[in-house]
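Heavy-atom basis, side chains included; hydrogens, waters and symmetry copies ignored. Bear in mind the structure is a predicted one, so any value in this text is a computation, not a measurement.
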Amino acid sequence: MLFIVTDTTKNFETVRLPEKELIYWAQDFEPEADIDTVDEAVNSLEENDFVVDRVM
């Protein structure tokens, strides 16, 4: 599965990430959180003003 992540705080920059990269990206953005699953990564990013869309 592919994810399109849009940062609503920086001119709506958009990146496309596979599942593993999405988790790593969320861990880098919020290192104090324990993020191990795609759902945790999506929730974490959405709480920090990102829009995450799933693409099959």
Side-chain angles (χ1 to χ4, degrees):
M1 186 176 302
L2 185 67
F3 294 86
I4 299 173
V5 181
T6 304
D7 183 350
T8 62
T9 63
K10 292 184 180 175
N11 299 325
F12 293 91
E13 289 182 33
T14 301
V15 295
R16 296 171 192 242
L17 303 168
E19 291 180 24
K20 273 247 194 250
E21 290 297 317
L22 179 78
I23 293 170
Y24 294 144
W25 213 59
Q27 290 170 340
D28 285 345
F29 186 78
E30 197 171 10
E32 69 279 356
D34 184 23
I35 300 170
D36 296 321
T37 68
V38 168
D39 289 335
E40 290 171 344
V42 169
N43 290 338
S44 172
L45 291 170
E46 287 178 340
E47 288 172 2
N48 289 291
D49 298 323
F50 289 84
V51 175
V52 181
D53 295 309
R54 296 173 193 242
V55 179
M56 300 244 177

Would you tabulate the side-chain donor-acceptor contacts of residues 17-30 under 3.5 Å, counting partners in other chains and residues two or more places apart, or write 'none'?
{"residue": "Gln27", "atom": "NE2", "partner": "Ile35", "partner atom": "O", "Å": "2.5"}
{"residue": "Glu30", "atom": "OE1", "partner": "Ser44", "partner atom": "OG", "Å": "2.2"}
{"residue": "Glu30", "atom": "OE1", "partner": "Asn48", "partner atom": "ND2", "Å": "3.4"}

For this session: Look up atom CG in Asn43 and atom CD in Glu46, then write down how far apart they are to the nearest 0.5 Å.
Result: 6.5 Å
Problem set entry | Heavy-atom pair of closest approach, residues Asp36 and Glu40 |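 For Asp36 and Glu40, the tightest heavy-atom pair comes out as N-OE1, 2.7 Å.
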For this session: For Thr14, check side chain to side chain donor-acceptor pair (under 3.5 Å) against everything at least two apart and list the hits.
Result: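 If we apply the side chain to side chain donor-acceptor pair (under 3.5 Å) test to Thr14, skipping adjacent residues, the hits are Thr6.
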Give the table of side-chain donor-acceptor pairs shorter than 3.5 Å for residues 49-56, with sequence neighbours excluded, one pair per line with atom names and distance.
{"residue": "Arg54", "atom": "NH2", "partner": "Asp39", "partner atom": "OD1", "Å": "3.1"}

